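A short worksheet on the structure shown next.
The model shown is predicted, which means the values in this text are computed figures rather than measured ones.
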Amino acid sequence: PVAIGHFPAEPGISPAFWRSDGLVRERNGADGALEDSYYLPPAIPAGSGHCKTGENVARSLLTHAFSNSGNACYLNSVMLSQLWSMAAHDSFTPAEWGAWGQHLLSFLTDAGWQLADLVFDEPFRTLHGPWLTAHPWGTQQDAAEYSGWLREQFMQHSPWGRQANGWQSRLTTGHDDGGALIAPILLRCPDQKTCSLQNMIHAWHQQSPYTNACLSEHPNICLQIERFPDLHTKNRMNVDFPRSCVQIPIFARTSGLDVYWAEYRIVSLTLHLGEGPHSGHYQSCLLTSGNLWMTDDDRLPWLSCLHPA
């Protein structure tokens, strides 16, 4: 799954935090070699005006880790991607969250935690109770399926979810199908070796005789590249990702086929390594402006590459 965020004029994370020079600086090592030195702007209280809760949550995710107590990589990677994308849009407004959500915010912004287990540690243990009833702990699961379930839980606990109006598949005479933005939008892989993410979005938009588009500019959309058209075959087509933004179609009116294109920033990726969705290994990538942070179980995120913003 690919999480993309539609940002207002003032994003949840300040430009200084997103900038490359706000996260990485270069210095000469003792032997004269060039080394990378990571640093983050100091934490600022959420009520200080120019800093929001989302920025402190993002800082926490870059300086802590989730443990894997048994085939939990799919939990860890998707949870990190989801929390990161919500932090990027500053979807963490404590006064508007319920009791569980406020517990989550308190945990994430508490400097005392270092390593969390999404199965056994609160507040995640309470959240995952229903999921683990149907999907036993210790067994690898499909990250895309879990992503849809997790997004539904967050939509129930936060005002972010109440903005979801879904998408529709329309004909000239009305709409024929559609869905909520809880589940990822499925992008099918064309029969070719390489394709851009934007071209795959265009192909989803124009599926003759239907026109697909979102009904509103929801702040957070999840896209799923269909790597497994069946459970036995993995499509390994190369997908070209833009460095920053993609365009998402939005219906201009409650009826008709006219659309406009809204700009969304790619904020996180969930990657699968292996042959099947219920096996192999999952990791996530967290993106800032020009930076890509890799994550994995039981270790801190690390900077994978640096590009101009």
Side-chain angles (χ1 to χ4, degrees), residues 1-4 61 64-85 115-121 124-154 179 182-197 200 204 221-241 266-287 292-302 304-305:
V2 181
I4 57 177
L61 295 176
H64 300 82
F66 291 141
S67 63
N68 188 343
S69 55
N71 285 323
C73 60
Y74 76 97
L75 295 170
N76 295 341
S77 59
V78 172
M79 178 65 76
L80 274 169
S81 292
Q82 187 60 58
L83 291 175
W84 182 261
S85 61
L115 192 67
D117 191 302
L118 296 184
V119 176
F120 297 107
D121 293 343
F124 305 105
R125 180 178 179 179
T126 296
L127 174 72
H128 286 115
W131 171 264
L132 293 175
T133 299
H135 306 82
W137 170 74
T139 59
Q140 183 76 288
Q141 301 297 330
D142 186 346
E145 180 186 358
Y146 171 66
S147 178
W149 180 89
L150 182 64
R151 288 170 61 83
E152 183 176 9
Q153 309 313 304
F154 278 119
I182 296 174
I185 293 176
L186 187 64
L187 304 179
R188 302 190 183 282
C189 295
D191 186 18
Q192 56 193 65
K193 292 183 178 180
T194 302
C195 186
S196 72
L197 180 63
M200 296 176 76
W204 170 78
I221 295 176
C222 186
L223 308 175
Q224 178 189 351
I225 298 172
E226 189 184 39
R227 291 294 189 183
F228 298 97
D230 59 66
L231 293 179
H232 306 290
T233 305
K234 183 174 183 178
N235 188 310
R236 298 183 180 275
M237 180 194 71
N238 293 326
V239 178
D240 291 333
F241 285 85
I266 300 174
V267 292
S268 66
L269 310 171
T270 301
L271 311 177
H272 176 262
L273 309 173
E275 299 301 322
H278 294 88
S279 62
H281 186 58
Y282 287 100
Q283 291 179 258
S284 60
C285 305
L286 312 178
L287 284 77
L292 186 151
W293 297 81
M294 289 298 300
T295 71
D296 206 349
D297 305 325
D298 300 292
R299 62 174 297 183
L300 298 180
W302 68 96
S304 176
C305 61

field: Any residue meeting side-chain hydrogen bond (donor to acceptor under 3.5 Å, both in side chains) with Ser196, in chain and number order, not counting sequence neighbours
entry: Asn199
message: For the OG1 atom of Thr126 and the CD atom of Gln153, what is their distance to the nearest 0.5 Å?
response: 12.0 Å
- request: Would you check if Tyr146 and His128 make a side-chain contact, meaning some heavy-atom pair closer than 4.5 Å?
  value: yes
message: Please check this pair: side chain of Glu152 against backbone of Gly148, looking for a donor-acceptor N/O pair closer than 3.5 Å.
response: no
- line: Hits for side chain to side chain contact (heavy atoms under 4.5 Å, CB included) against Ser77, two or more places apart or cross-chain, chain-then-number order -> Thr270, Tyr282, Ser284
- request: Compare every heavy atom of Ala65 with every heavy atom of Arg299, then report the nearest pair and how far apart it is.
  value: O-CB, 3.2 Å
query: Looking at Cys73 and Gly280, what are the two nearest heavy atoms and their distance?
result: SG-O, 4.5 Å
- prompt: Among all residues two or more places apart in sequence or in another chain, which pass the side-chain hydrogen bond (donor to acceptor under 3.5 Å, both in side chains) test with Asp297?
  reply: Asn68, Asn76
- prompt: Can you tell me how far the CG atom of Asp298 sits from the OG atom of Ser69, to the nearest 0.5 Å?
  reply: 9.0 Å
statement: Heavy atoms of Gln283 and Leu273 approach each other most closely as OE1-CD1, 3.4 Å
query: Mind checking what makes side-chain hydrogen bond (donor to acceptor under 3.5 Å, both in side chains) contact with Asp296, not counting sequence neighbours?
result: His281
message: Quick check: do Leu127 and Met79 have side-chain heavy atoms less than 4.5 Å from each other?
response: yes
- request: Nearest 0.5 Å please: distance from the OG atom of Ser81 over to the CG atom of Leu286.
  value: 6.0 Å
- request: With sequence neighbours excluded, tell me which residues meet side chain to side chain contact (heavy atoms under 4.5 Å, CB included) with Ser279.
  value: none
- request: Could you tell me whether the side chain of Trp84 reaches within less than 4.5 Å of the side chain of Val267, counting heavy atoms only?
  value: yes
- prompt: Mind checking what makes salt bridge (Lys or Arg N to Asp or Glu O under 4.0 Å) contact with Arg125, not counting sequence neighbours?
  reply: none
Distance (rounded to the nearest 0.5 Å) between His272 NE2 and Gln140 CD: 6.5 Å
task: Mark yes or no for whether Gln224, through its side chain, and Leu186, through its backbone, hold a donor-acceptor pair below 3.5 Å.
output: no
- line: For Trp131, the side-chain hydrogen bond (donor to acceptor under 3.5 Å, both in side chains) test, sequence neighbours excluded, returns Tyr74
query: What is the distance from atom CG of Leu118 to atom CG of Leu75, rounded to the nearest 0.5 Å?
result: 6.0 Å
- request: Check whether any side-chain heavy atom of Cys285 lies under 4.5 Å from a side-chain heavy atom of Leu271, and answer yes or no.
  value: yes
task: Mind checking the CG-OG1 spacing from Leu61 to Thr295? Nearest 0.5 Å is all I need.
output: 10.0 Å
